[in-house]
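For ligands, and for the atoms within them, numbers begin at 1 and follow the listed sequence.
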Amino acid sequence: MLTQQTDDGKRSSLHGNWSSRMAFILAVTGSAVGLGNIWKFPYIAGQNGGGAFVLVYLACVILIGMPVMMSEILIGRRGRRNPVRTMELLGKEEGGSGRWRWVGGLGVVAGILILSYYSVIAGWTLAYIVKSVSGVFAGASPQAVGAEFDNFVGDWRLVGLTHTVFMGLAVFVVARGVERGLEQAVRFMVPALLVLMLVLLGYSISSGYFGQGVAFMFTPDFGALTRDSILAALGQAFFTLSIGMGAVMAYGAYLPEETSITGASAAVVTADTSIAMLAGLAIFPLVFANGLTPGDGPGLVFNTLPLAFGQMPGGVFFSTVFFVLLSFAAWTSAIGLMEPAVAWIVEHYSKTRAQATVGVGLLIWFIGLGSVLSFNVLADARFLAGTIFDNVDYLTSNVMLPLGGLLIVWFAGWVMSRNSTSDELGGSGALYKLWRFSARYLAPVGILFVLLNAIGLLG
Ligand code: PFF
């Protein structure tokens with residue numbers, strides 16, 4: 001195992017560094033902003049009754065997500081290895097145990113499982129580029145748009161094909177390595193996505209149902225909150241920020257010493273949350289304007305946004321650009337999902353990056369077939385949380401990510417010394433104290449509370 005030391009005695013990364021602070025922020029933002037914001041947030045919020053769920057979600061993002069993200073980045077930068085090796089190395093170095101590597105292992109598995117279904121949904125967005133170009137949505141009725149979606153996901157060959165294409169794209173970028181692959185894509189994608197969300201928002205405001213959409217999203221009915229919807233809010237916070245599985249840790253490993261972790265985290269959390277809120281504000285008015293139901297599930301975005309585009313002047317253009325951007329957003333997230341597994345294999349088994357990526361990609365593709373079939377052939381094969389897709393989603397978002405996040409923030413708060421963490425976070429002022437308090441008490445207690453509450457242990 002290589003261990004390179006820099007002049008000041010710190011380790012340096014084996015995979016190269018980000019070219020600048022901005023490049024890192026862009027890459028983490030690229031990983032955070034994805035299907036989670038635009039596809040998942042609205043449908044999960046819809047299924048969990050809106051208002052109260054959204055408030056709990058926002059609280060989880062700020063009170064738990066932010067300290068966990070900072071912990072992940074600081075651990076990543078201090079360890080400068082893949083998440084498995086980093087946790088092992090720091091575990092020993094900080095007087096704990098090498099067994100902390102299992103936290104990294106949990107993340108590697110979570111990334112593989114998440115990407116297995118993420119790629120399937122990303123495949124839908126690829127198909128919707130083609131559908132947009134063909135003009136099928138122009139002036140289409142809600143029924144026609146709905147039928148278009150049902151026919152598409154009902155055909156396992158098409159869904160399987162687009163899943164395959166998307167995995168191919170993901171493997172291609174990850175195989176090329178950190179710097180060349182990631183940076184350029186995100187630089188224009190996130191701003192462009194923001195602009196298009198604003199266009200959609202404008203359309204939603206003019207739909208006459210904007211007030212109803214806003215009311216749905218922000219009027220809390222705490223009576224509607226169940227144990228499971230609180231857990232779903234926490235899971236969504238982890239999922240959307242890409243935390244709890246070592247992705248951000250893997251990116252942190254390539255972060256230059258002088259970059260502020262607090263500043264970078266705040267920028268990413270703000271960008272990610274804004275895009276999710278915008279997506280909700282654009283989608284819910286359309287849901288009500290067209291007599292659809294917010295709790296409709298994974299098809300929600302695909303059943304609403306094409307309607308709006310179909311009515312707009314220049315709709316074919318906007319719709320195409322939108323689904324291209326959404327596919328890009330999914331692409332940059334997929335990279336983050338593969339990175340822990342790939343970096344681990346490269347370092348642990350001395351494989352080339354290309355070999356590791358192709359191997360991991362094939363495995364993920366294969367597992368993903370379960371989710372491909374969940375919307376057609378195996379749609380009625382339900383157990384535990386529902387279809388195979390539902391189960392993989394539930395297990396990863398609601399169990400693995402919160403558990404991973406708990407262990408990560410616990411490690412940063414209780415196992416790592418004050419010296420190490422204040423060294424990484426740049427000083428011991430008020431901000432540092434706030435982080436440390438959150439990492440030691442607020443976040444662990446919050447996560448534990450939600451997890452124990454969900455399994456009914458809190459009465
Ligand atoms: N944050 C991504 C999204 O919201 O779409 C999903 C994701 C990407 C989760 C990368 C985890 C990860 F490592």
Side-chain angles (χ1 to χ4, degrees), residues 26-45 57 60-61 65 68-69 72-73 76 82-83 103-104 106-125 166 170 173-174 178 181-182 185-186 189-190 193 197 232-253 265 268-280 298 301 325-344 360 364 392-393 395-405 408:
L26 283 170
V28 180
T29 308
S31 151
V33 174
L35 297 173
N37 307 61
I38 292 171
W39 160 73
K40 201 172 189 196
F41 170 72
Y43 96 74
I44 299 263
Y57 159 79
C60 289
V61 164
V68 172
M69 177 169 286
E72 241 186 76
I73 303 177
N82 70 79
V103 177
L106 181 73
V108 168
V109 177
I112 289 174
L113 288 178
I114 294 176
L115 188 51
S116 80
Y117 76 81
Y118 200 84
S119 163
V120 175
I121 313 295
W124 298 1
T125 67
F166 184 81
V173 178
V174 177
V178 186
L182 300 184
V186 190
M189 182 200 80
V190 173
L193 205 54
M197 294 313 297
L234 179 72
Q236 175 61 14
F238 275 91
F239 183 87
T240 193
L241 296 175
S242 304
I243 52 178
M245 53 151 285
V248 173
M249 195 187 288
Y251 282 9
S265 304
V268 174
V269 170
T270 309
D272 188 80
T273 310
S274 318
I275 293 195
M277 290 299 120
L278 270 176
V301 188
L325 288 173
L326 189 53
S327 304
F328 257 110
W331 200 9
T332 53
S333 298
I335 297 165
L337 287 162
M338 282 184 95
E339 187 60 30
V342 170
W344 175 64
V360 171
I364 295 173
V392 178
D393 178 30
L395 174 70
T396 49
S397 293
N398 295 1
V399 181
M400 295 177 87
L401 297 187
L403 205 60
I408 287 167

Colleague: In a check of side-chain contact (heavy atoms from CB on, under 4.5 Å) between V33 and each of I38, L241, D272, which one passes?
Modeller: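 Of all the options given, the one that passes is D272.
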
Colleague: Start with the C-alpha distance between L337 and Y118, add both sets of side-chain angles, then the distance that settles side chain to side chain contact (heavy atoms under 4.5 Å, CB included), and finish with yes or no.
Modeller: CA-CA 9 Å; L337 287 162; Y118 200 84; 4.1 Å; yes

Colleague: With rounding to the nearest 0.5 Å, note down the distance linking CG in L278 to CG in N37.
Modeller: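 Spacing of CG (L278) from CG (N37) equals 10.0 Å.
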
Colleague: Who's touching ligand 1 if we go heavy atoms under 4.0 Å?
Modeller: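 For ligand 1, the contacting residues are S31, A32, G34, L35, G36, N37, Y118, F239, T240, S242, M245, A247, S333, G336, L337.
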
Colleague: How many angstroms lie between atom CD1 of I408 and atom CE of M69, to the nearest 0.5 angstrom?
Modeller: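 I408 atom CD1 to M69 atom CE measures 11.0 Å (nearest 0.5 Å).
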
Colleague: Test side chain to side chain contact (heavy atoms under 4.5 Å, CB included) on L35 and K40 and set out the steps.
Modeller: CA-CA 6 Å; L35 297 173; K40 201 172 189 196; 5.9 Å; no

Colleague: Parallel under 30°, tilted from 30 to 60°, perpendicular over 60°: which one fits the rings of W39 and Y117?
Modeller: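 Tilted: the ring planes of W39 and Y117 meet at 30° to 60°.
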
